[in-house]
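What you see is a predicted model, and the numbers here were worked out from it, not measured in a lab.
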Amino acid sequence: MSTTRTALPGIGTLHMLQLHNGRRIGVIRHRDGRRELVVYDAADPDAGRIGAVLTSQEASTLTEVLQAAGPSVHCARLEHLAAGVVVMQMLVGDGSPWLHRPVAAGEGVLAAVVRDDRVVPAEASSRCRVGDVVVLVGHRDAVLAVLDALLWEHPTDGPPSRADM
């Protein structure tokens, strides 16, 4: 990856990122604080293909999202049952943020670990191992709260909004 910075007289500054795959993304920092995000066409690298103008606040939020150290989630299955109850199963892989972390049920959530074809009730002393499947059962919001507690190493960073789930 490489980056270049080009002054745009009367407009601001263009920051261009050349990605590992040859594609280019540009960010125009306007003098009034707006940011313009441009994804360039692979067939014509001088033509912007997709663009979005962001306010300063939107650009700041996007920066936080891009810099977030949040985990990647491996969700084997999410089932919605009656009355807002869900069953969520997550596989713990090598390098997973759950590895060696305790699995404990939250209020209104039952938790278990499937390990070596055995179901092991989750306890505060239980630690996730590679190959474990963590199973959470409860109301959607409560299950997501337990999931967030398991995954986010820095609670002050906070999880992303769950409004879309």
Side-chain angles (χ1 to χ4, degrees), residues 1-4 15-27 35 37-43 45 49-52 54 57-165:
M1 180 182 86
S2 65
T3 61
T4 59
H15 299 268
M16 184 70 67
L17 287 83
Q18 179 86 30
L19 305 179
H20 70 281
N21 62 3
R23 300 289 305 261
R24 295 185 326 149
I25 297 176
V27 177
R35 305 292 190 266
L37 183 62
V38 182
V39 177
Y40 289 86
D41 192 324
R49 181 172 170 219
I50 301 171
L54 307 172
Q57 181 61 44
E58 291 165 338
S60 178
T61 300
L62 179 59
T63 299
E64 289 176 22
V65 169
L66 291 172
Q67 292 178 343
S72 56
V73 176
H74 303 281
C75 183
R77 184 185 315 180
L78 174 64
E79 293 181 40
H80 294 270
L81 305 177
V85 174
V86 298
V87 176
M88 185 177 284
Q89 298 179 26
M90 288 103 17
L91 175 65
V92 178
D94 190 28
S96 170
W98 306 331
L99 198 55
H100 309 298
R101 288 186 146 209
V103 179
E107 187 170 329
V109 176
L110 300 173
V113 175
V114 179
R115 178 179 295 148
D116 302 324
D117 296 324
R118 292 186 349 255
V119 177
V120 180
E123 299 173 350
S125 62
S126 300
R127 302 281 176 182
C128 290
R129 300 179 191 166
V130 172
D132 284 355
V133 175
V134 177
V135 181
L136 304 173
V137 180
H139 186 271
R140 178 186 151 279
D141 292 338
V143 166
L144 293 174
V146 170
L147 177 64
D148 288 340
L150 283 171
L151 297 178
W152 289 90
E153 293 181 334
H154 306 289
T156 56
D157 290 348
S161 170
R162 297 291 184 184
D164 296 337
M165 297 185 118

task: Can you sort out the partners of N21 under side-chain contact (heavy atoms from CB on, under 4.5 Å), two or more places apart, ordered by chain and number?
output: L19, R23
task: List the steps and the verdict of side-chain contact (heavy atoms from CB on, under 4.5 Å) for V114 and V135.
output: CA-CA 7 Å; V114 179; V135 181; 4.0 Å; yes
- prompt: Hey, does L37 have a side-chain heavy atom less than 4.5 Å from the side chain of R35?
  reply: no
- prompt: With a 4.5 Å limit on heavy-atom distance, are the side chains of V143 and V137 in contact?
  reply: no
Candidate list V27, I25, T4, T3, test side chain to side chain contact (heavy atoms under 4.5 Å, CB included), partner M16, passing option: T4
Minimum heavy-atom distance A112-V119, with the two atoms named: CB-CG1, 3.9 Å
query: Between R115 and D132, which heavy-atom pair has the shortest distance, and what is it?
result: NH2-OD2, 2.7 Å
message: Using 0.5 Å steps for rounding, measure from the NE2 atom of H20 to the OG atom of S2.
response: 13.0 Å
- request: Supply the atom-to-atom distance M90 CE to C128 SG, rounded to the nearest 0.5 angstrom.
  value: 8.5 Å
query: After noting the C-alpha distance and the side-chain angles of L136 and Q89, does the key distance pass the side-chain contact (heavy atoms from CB on, under 4.5 Å) rule?
result: CA-CA 7 Å; L136 304 173; Q89 298 179 26; over 6 Å; no
